Chemist: 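One structure coming up, written as structure tokens, with questions to follow.
We name chains A, B, ... by the order of the sequence lines, and we start the count at 1 in each one. These numbers come from a predicted model, not from an experiment.
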Amino acid sequence: MPTKHLIIDGATASDQWQTIADDISFDGTLDEATLDGKGAIISLARLEAEADTLRQRNTPIGVILRAGEKVGEDPHRLAPFLDMLSLVAIEFPVYRNGRGFSAARILREQYNYKGELRATGDVLYDQWQFMHRCGINAYEIDGDIPLATFTKAMDSLPDAYQPAGDDKRGILWRRS
Amino acid sequence: MYRYDEFDNEMVSARVAQFRDQVERRLSGELTEDQFKPLRLMNGVYLQLHAYMLRVAIPYGTLSSRQMRMLAHIARKYDRGYGHFTTRQNIQYNWVALERIPDLLEEIASVEMHAIQTSGNCIRNVTADQYAGAIDEEIEDPRIISEIIRQWSSFHPEFSFLPRKFKIAVTGHKNDRAAIKLHDIGIVITRNGEGEVGYEVHVGGGQGRTPFIAKKMTDFVPRNKLLAYLEAVMRVYNMLGRRDNSYKARIKILVHETGADEMRRLIEAEFAKIDASNMLTLPDKEAQRIMAYFAPPAYETALATSDILQAAQSANKDFTHWCATNVVSHSQTGYAIVNISLKPIGGIPGDATDTQMEAIADCAATYSHDEIRVTHEQNLVLPHVRLDDVKAVYDALVPHDLATPNLGLISDSIACPGLDYCNLANARSIPLAQDISTRFADLHRQHDIGELKIKISGCINACGHHHVGHIGILGVDKKGTEFYQITLGGAADENASLGDITGPAFTEDKVVDAIENLVDTYMNIRTSADERFIDTYRRVGMPPFKERLYAD
Ligand code: SF4
């Protein structure tokens with residue numbers, strides 16, 4: 001595995017989150033040691049099962065939305081929990097699997113989710129700008145890609161024809 | 001015709017610069033072929049059997065003479081002197097060198113053309129009726145909404161990595177020449193009870209190994225809401241379309257597995273949310289602005305009949321035959337729509353040389369208000385020709401072998417690239433099309449047979465549309481030898497239907513005989529010369545054809 005580095009809102013950031021596997025339980029001391037002061041990213045199934053207990057804790061909670069192959073996890077299932085989530089990680093398991101682009105827009109535009117939306121997985125250079133347009137603001141990218149390359153990729157298309165999850169209005173809507 | 005403004009130019013130039021950088025990174029070895037693949041696919045560059053192939057978009061099949069001259073120039077400078085017009089109303093160049101593609105793209109950008117989204121799992125080039133703006137009884141020119149869709153779908157951030165490619169077709173006329181029911185989305189322009197123009201939307205049609213006729217999802221979406229509706233369809237598909245098996249990834253499979261009613265409910269629910277946000281409601285002024293580009297040309301007033309034309313017809317029988325098949329009446333009195341067949345007897349369907357393209361560009365500039373259309377049946381059209389000029393056009397086309405009077409006839413077949421170019425093929429398509437066309441070379445015989453659409457695919461992917469051929473031919477592979485399976489009764493028009501398999505496949509040396517047997521059977525049992533092959537098949541069904549085919 002190449003090392004990943006994290007870019008949040010256009011700047012290199014240190015990761016304040018840790019992914020917690022479903023089989024690690026959240027009680028006792030294991031919990032404190034494992035988390036090391038970081039927030040916990042858990043699966044959607046676990047979130048649904050344990051939301052009530054997790055709400056009692058101070059640990060920041062995030063969730064990973066899996067893109068799946070035949071079916072993906074439905075972002076609408078996050079609706080009852082968005083108030084307790086400060087991060088949603090959206091999985092792009094291979095660059096061809098673009099379900100996450102729609103998931104991001106649904107969360108931002110239909111549920112007005114304001115927390116961190118993080119792209120994880122196999123993310124291509126040319127997809128970063130599109131991800132940003134869909135409302136994603138954090139990226140786990142290959143460690144050997146410099147920030148300057150990332151910044152350049154974010155500007156690769158100078159404009160947009162259509163509105164999406166960012167503040168661009170779309171050429172079709174601006175001409176008249 | 002639509003003209004780029006500063007926004008369109010900026011987007012296209014930015015894309016060329018971006019791709020130039022990517023090609024340089026590939027050539028220097030910074031990018032591997034694997035990493036480069038998704039990037040080149042976003043720019044219409046395929047790796048074929050022998051070389052890179054570039055597909056250039058011709059949005060809704062409309063070209064100016066200046067653009068056609070550029071395509072000729074590209075054929076000469078970057079390819080081997082010809083190009084291939086495709087069933088997607090695009091043009092392909094089969095022999096381009098990768099390192100020259102950025103220069104090529106820069107040249108075509110100078111005439112407002114590009115190769116964006118002509119490949120990859122995104123919304124592809126929108127296709128439309130080739131008689132748009134010229135045919136009588138059209139509700140609205142389909143190029144208007146097609147151009148709006150082209151812009152909305154270009155570089156769409158959410159829909160550039162769909163489960164599979166996605167194709168949209170539009171017709172504004174009750175006679176469907178755009179095969180809309182065989183597209184992922186097919187749009188029929190219509191009017192509601194109040195007389196307002198809007199769109200009937202069909203979803204989930206397609207060919208390939210599991211062909212489906214699209215299901216109607218809605219009877220009417222008003223003009224300013226269509227993009228919101230399309231975005232809803234796309235979002236449902238992007239979220240729910242299968243990604244576990246590329247053969248089950250098209251929206252037709254989703255519609256089939258979900259059921260049309262449930263699909264309609266899902267689309268309506270998503271549409272309601274998008275519509276409520278108003279973000280995709282198209283401003284009326286922008287619709288009007290784009291509409292103005294497609295205003296009819298400045299026609300001259302002319303009589304409904306032309307003495308010049310009539311005199312020419314009585315003097316020249318070949319010309320009369322050509323008029324009968326290739327010339328269609330126009331909505332404007334005194335004008336005609338002229339079809340140029342790219343299916344010369346024994347030729348390669350859809351191919352045109354640089355000099356042919358230039359001859360056509362000259363004709364368009366002189367006689368057709370500077371317009372040319374590409375058809376999904378791989379022919380070209382001069383949409384606005386004065387009746388008085390039809391003979392002059394014919395005379396200009398004849399020396400370039402562009403006046404074959406076979407539109408819609410047996411030698412006007414569609415054939416995919418097949419084994420000669422395509423690495424997925426089981427069998428050759430183009431040589432078979434040439435053999436059939438040579439067997440029926442006698443034009444009197446062809447005219448006698450009448451409308452008969454033969455469509456040939458080299459494998460089950462159906463790029464040659466065999467499912468919807470009146471006679472469909474499919475290349476199959478049996479232990480390394482080429483075989484051809486025949487289907488009957490397909491159609492791609494407003495009465496779209498999928499063909500039925502006749503029975504066991506034929507070897508290469510028997511297939512042309514089989515086609516002739518089918519034609520002879522039809523000639524024997526048709527009720528009159530007005531009953532087309534497809535009508536006879538629909539009346540009598542498979543038995544008489546099958547009996548004759550497998551008689552010995
Ligand atoms: S139908 Fe098959 S052989 Fe023909 S072009 Fe398509 S993939 Fe290739």
Chemist: May I ask you to say whether A/E73 pairs ionically with A/R66, meaning some side-chain N is under 4.0 Å from a carboxylate O?
Modeler: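 A/R66 and A/E73: not salt-bridged.
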Chemist: Verify whether the ring centers belonging to B/F7 and A/Y161 lie closer than 6.0 Å.
Modeler: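 B/F7 vs A/Y161: aromatic centres not under 6.0 Å.
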Chemist: Over 60° means perpendicular and under 30° means parallel, so classify the ring planes of B/F294 and B/Y2, tilted if in between.
Modeler: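 Correct class here is parallel.
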Chemist: Checking heavy atoms, do the side chain of A/Q162, its backbone, both or neither come under 4.5 Å from chain B?
Modeler: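 The answer is the side chain of A/Q162.
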Chemist: What part of B/R150 gets closer than 4.5 Å to chain A, counting heavy atoms only: side chain, backbone, both or neither?
Modeler: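 Contact with chain A is through the side chain of B/R150 alone.
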Chemist: Looking at B/D21 and B/R25, does any basic side-chain N land under 4.0 Å from a carboxylate oxygen?
Modeler: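 Result for this pair is yes, salt bridge flagged.
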Chemist: If you tally heavy-atom pairs under 4.5 Å against chain A, which of B/E270, B/M239, B/Q18 wins?
Modeler: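 Most heavy-atom pairs within the cutoff with chain A belong to B/M239.
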Chemist: Using heavy-atom distances under 4.5 Å, tell me whether A/R99 contacts chain B through its side chain, its backbone, both, or neither.
Modeler: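 Its backbone and side chain both get close to chain B.
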Chemist: Looking only at side chains, do A/Y95 and A/Q127 share a donor and an acceptor under 3.5 Å apart?
Modeler: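 No - no donor-acceptor pair under 3.5 Å links their side chains.
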Chemist: Under a 3.5 Å cutoff, is there a donor and acceptor pairing between the side chains of B/N125 and B/T118?
Modeler: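 Their side chains do not contain a donor-acceptor pair, so the 3.5 Å distance test is not met.
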Chemist: If you count heavy-atom pairs under 4.5 Å with chain A, which of B/L282, B/N245, B/N238 comes out on top?
Modeler: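 So the answer, after comparing B/L282, B/N245, B/N238, is B/N238.
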Chemist: With a 4.5 angstrom heavy-atom cut-off, is it the side chain or the backbone of B/Q288 that approaches chain A, or both, or neither?
Modeler: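 For B/Q288, there is no contact with chain A at all, as no heavy atom is under 4.5 Å.
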Chemist: Give a yes-or-no answer on whether the side chains of A/R96 and B/N121 include a donor-acceptor pair shorter than 3.5 Å.
Modeler: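 No, because no side-chain N or O of A/R96 sits under 3.5 Å from a partner of the opposite role on B/N121.
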Chemist: Counting heavy-atom pairs under 4.5 Å with chain B, which one of A/G170, A/S102, A/P163 comes out on top?
Modeler: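 The option with the most such pairs is A/S102.
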Chemist: Given that the side chain runs from C-beta out, which part of A/K152 has a heavy atom under 4.5 Å from chain B: side chain, backbone, both or neither?
Modeler: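 Just the side chain, heavy atoms under 4.5 Å.
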Chemist: Examine whether an atom of A/A104 lies under 4.5 Å from a heavy atom of chain B, and if so say whether it belongs to the side chain, the backbone or both; otherwise answer neither.
Modeler: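 Contact with chain B is absent: no heavy atom of A/A104 under 4.5 Å.
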Chemist: Considering heavy atoms only, which positions within residues 128-138 of chain A lie below 4.5 Å of chain B?
Modeler: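 Contacts with chain B: A/F130, A/R133, A/C134.
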Chemist: Quick check on side chain to side chain contact (heavy atoms under 4.5 Å, CB included): which of B/E147, B/M1, B/R3 does B/Y293 satisfy it with?
Modeler: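 Testing B/Y293 for a side chain to side chain contact (heavy atoms under 4.5 Å, CB included) against B/E147, B/M1, B/R3 leaves exactly one candidate, B/R3.
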Chemist: Using 4.0 Å as the upper bound for N to carboxylate O, is an ion pair formed by B/R40 and B/E33?
Modeler: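 Yes.
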Chemist: Can you check whether B/S153's main-chain N or O pairs, donor with acceptor, with B/Q117's side chain at less than 3.5 Å?
Modeler: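 Checking the backbone N and O of B/S153 against the side chain of B/Q117, a donor-acceptor pair under 3.5 Å is found.
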Chemist: If you tally heavy-atom pairs under 4.5 Å against chain B, which of A/R174, A/K70, A/Q110 wins?
Modeler: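 The residue among A/R174, A/K70, A/Q110 with the greatest pair count is A/K70.
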Chemist: Please state whether the side chain, the backbone, both or neither of A/R169 comes within less than 4.5 Å of a heavy atom of chain B.
Modeler: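 Looking at A/R169, nothing touches chain B.
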Chemist: Among B/R235, B/M42, B/M234, single out the residue with the greatest number of heavy-atom pairs under 4.5 Å to chain A.
Modeler: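 Winner by heavy-atom pair count: B/R235.
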Chemist: Picking from B/K285, B/M11, B/K273, B/E10, which has the most non-hydrogen pairs under 4.5 angstrom with chain A?
Modeler: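 If we count pairs closer than 4.5 Å to chain A, B/M11 comes out on top.
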Chemist: Measure B/T281 against the heavy atoms of chain A and call it side chain, backbone, both or neither at under 4.5 Å.
Modeler: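 Just the backbone, heavy atoms under 4.5 Å.
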Chemist: Taking B/D284 first and then B/R289, would you say they form a salt bridge - that is, a charged N and a carboxylate O separated by under 4.0 Å?
Modeler: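 Not counted as a salt bridge, because no side-chain N and carboxylate O are separated by less than 4.0 Å.
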Chemist: Taking B/N278 for its side chain and B/L280 for its backbone only, find out whether a donor-acceptor pair lies under 3.5 Å.
Modeler: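 No, the answer is negative, given that no donor and acceptor are paired below the 3.5 Å cut-off.
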Chemist: Kindly indicate whether a cation-pi arrangement holds for B/R209 with B/Y247, taking the cut-offs as under 6.0 Å to the six-membered ring centre and within 45° of the axis.
Modeler: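 Flagged: B/R209 positioned over aromatic ring of B/Y247.
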Chemist: Can any side-chain N or O of B/K252 pair as donor or acceptor with the backbone N or O of B/T210 at less than 3.5 Å?
Modeler: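 Between the backbone of B/T210 and the side chain of B/K252 there is a qualifying donor-acceptor contact (under 3.5 Å).
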Chemist: Where on B/L39 is there a heavy atom nearer than 4.5 Å to chain A: the side chain, the backbone, both, or neither?
Modeler: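 Only the side chain of B/L39 comes within 4.5 Å of chain A.
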Chemist: Which bit of B/S160 is near chain A, if near means a heavy-atom gap under 4.5 Å: side chain, backbone, both or neither?
Modeler: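 Side chain of B/S160 only, per the 4.5 Å heavy-atom cut-off to chain A.
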Chemist: Quick one: which of A/P158, A/G72, A/A160, A/G165 has the most heavy-atom pairs under 4.5 Å with chain B, could you say?
Modeler: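 Going by pairs under 4.5 Å, I would pick A/P158.
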Chemist: I'd like to know which of A/D74, A/V94, A/I171 tops the heavy-atom pair count under 4.5 Å against chain B.
Modeler: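 Of A/D74, A/V94, A/I171, A/I171 has the most heavy-atom pairs under 4.5 Å with chain B.
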Chemist: Measure from the ring center of B/Y52 to the ring center of B/Y46 and say whether it is less than 6.0 Å.
Modeler: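 Between B/Y52 and B/Y46, the centre distance exceeds or equals 6.0 Å.
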